[in-house]
Amino acid sequence: MPLTKARGNMYPWVTHTHAHIGGECPHRCSYCYVDSPRFGRPAKFTGGLRLLEAELNVDYGKGRTIFVDHCNDLFFSGVPLRWIKLVLGHCYRYPANVYVFQTKNPGAYGKLFGDFPPSRMLGCTIETNRRIAPDISQAPDPEDRYRAMRALRGHGPLFVTLEPIMDFDVDVLAWWLAEINPAFVNIGADSKGHGLPEPSAGKVAALISLIQCAGIEIRRKSNLSRLMGER
Ligand code: SF4
C-alpha cells in the first residue's frame with residue numbers, strides 16, 4: 001500500500017498516513033474509525049497482529065508530515081520490539097519528513113529514544129481522566145497514560161489528543177495536561193454516534209480555558225462543534 005494522502009477525520013496538519021502493522025488493534029475501542037462505514041475494516045486489519053514487510057520499502061520522499069500506523073497501535077505491549085525498530089528505521093531513512101506517532105501505551109516511548117527519526121511528534125490519546133469501561137476500550141488506563149507522558153517531559157515535542165473526548169473531571173484533567181506540558185492538545189468528539197459518555201459543552205469550555213491559561217495550544221477538530229452546540 002503506498003503512502004496515502006490524509007483525508008476524512010484525520011488531523012488537518014497531517015499530510016499523509018501509512019501502515020506497516022496489519023491485524024486488528026488489540027485495544028478494541030468501540031469507536032475505532034477502522035470500523036467506520038467509510039473505512040469498513042479492510043481484511044488487512046483483521047486477524048492477529050503482523051508486520052507487513054513490503055511496507056518497509058515504501059518511498060516516504062520529503063517535506064511530508066506522516067502519521068505512522070494510524071490503523072493500529074504500533075506501541076501496544078504485544079508488538080515485538082524488532083517490528084517497532086524496523087518501522088522506525090524506515091522513517092529514519094527519510095529524515096526530511098515529520099513523523100507523527102500516537103499511542104495509548106506511551107510507556108513504550110521511553111525505551112526507543114535512540115531509534116526515533118530526528119523530526120517526530122510523540123502523541124498520546126487520553127479521552128478522559130476517568131476509568132474507561134472495557135466494552136468501550138481495552139487500552140491501558142488513562143491515568144497510566146498520563147503518568148507515562150509526564151515522564152517524557154523534555155523529550156518532545158509531545159502532544160495529547162482528547163478525542164473522542166469523554167466525560168471527565170475538569171480540575172483533574174487540566175492538572176494532568178499542565179503536568180505533561182505538551183506542545184499542543186487536540187480536542188475532538190465522537191463523530192459517529194457511538195453512545196459514549198460525553199461531557200457538557202460548559203465542561204469542555206472550562207477545560208479549554210484552563211489549558212490555555214497553562215500556555216498550551218489548543219487544536220480543535222471540527223467534530224467538536226456538535227458537542228459544543230455550535231451546529
Ligand atoms: S487504539 Fe486506535 S486503532 Fe486501536 S482500536 Fe483504539 S481507535 Fe482503533
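Atoms within a ligand are numbered from 1 in the order they appear, just like the ligands themselves.
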Original post:
Is a side-chain donor or acceptor of Y109 paired with a backbone partner of F101 at a separation under 3.5 angstrom?
Top reply: yes

Closest protein heavy atom to [atom], given as residue, atom name and distance to 0.1 Å:
atom                    : answer
atom 2 (Fe) of ligand 1 : K104 NZ, 3.9 Å
atom 5 (S) of ligand 1  : C29 N, 3.4 Å
atom 4 (Fe) of ligand 1 : C25 SG, 2.3 Å

Subject >> C32 N/O/S atom closer than 2.8 Å to atom 8 (Fe) of ligand 1 >> reply: yes

Original post:
Would a hydrophobic clustering, with Ile, Leu, Val, Met, Phe, Trp and Tyr connected at side-chain separations under 4.5 Å, put L51 with L112?
Top reply: yes

Original post:
Do D169 and K203 sit within salt-bridge range, that is, some charged N less than 4.0 Å from a carboxylate O?
Top reply: no

Subject >> Atoms in ligand 1 with a heavy atom of R28 nearer than 4.0 Å >> reply: 5 (S)

**OP:** Just do the side-chain hydrogen bond (donor to acceptor under 3.5 Å, both in side chains) check on Q102 and D69 with the steps written out, would you?
**Re:** CA-CA 8 Å; Q102 184 173 305; D69 285 285; over 6 Å; no

Original post:
Do the ring planes of H194 and Y31 sit parallel (below 30°), tilted (30 to 60°) or perpendicular (above 60°)?
Top reply: perpendicular

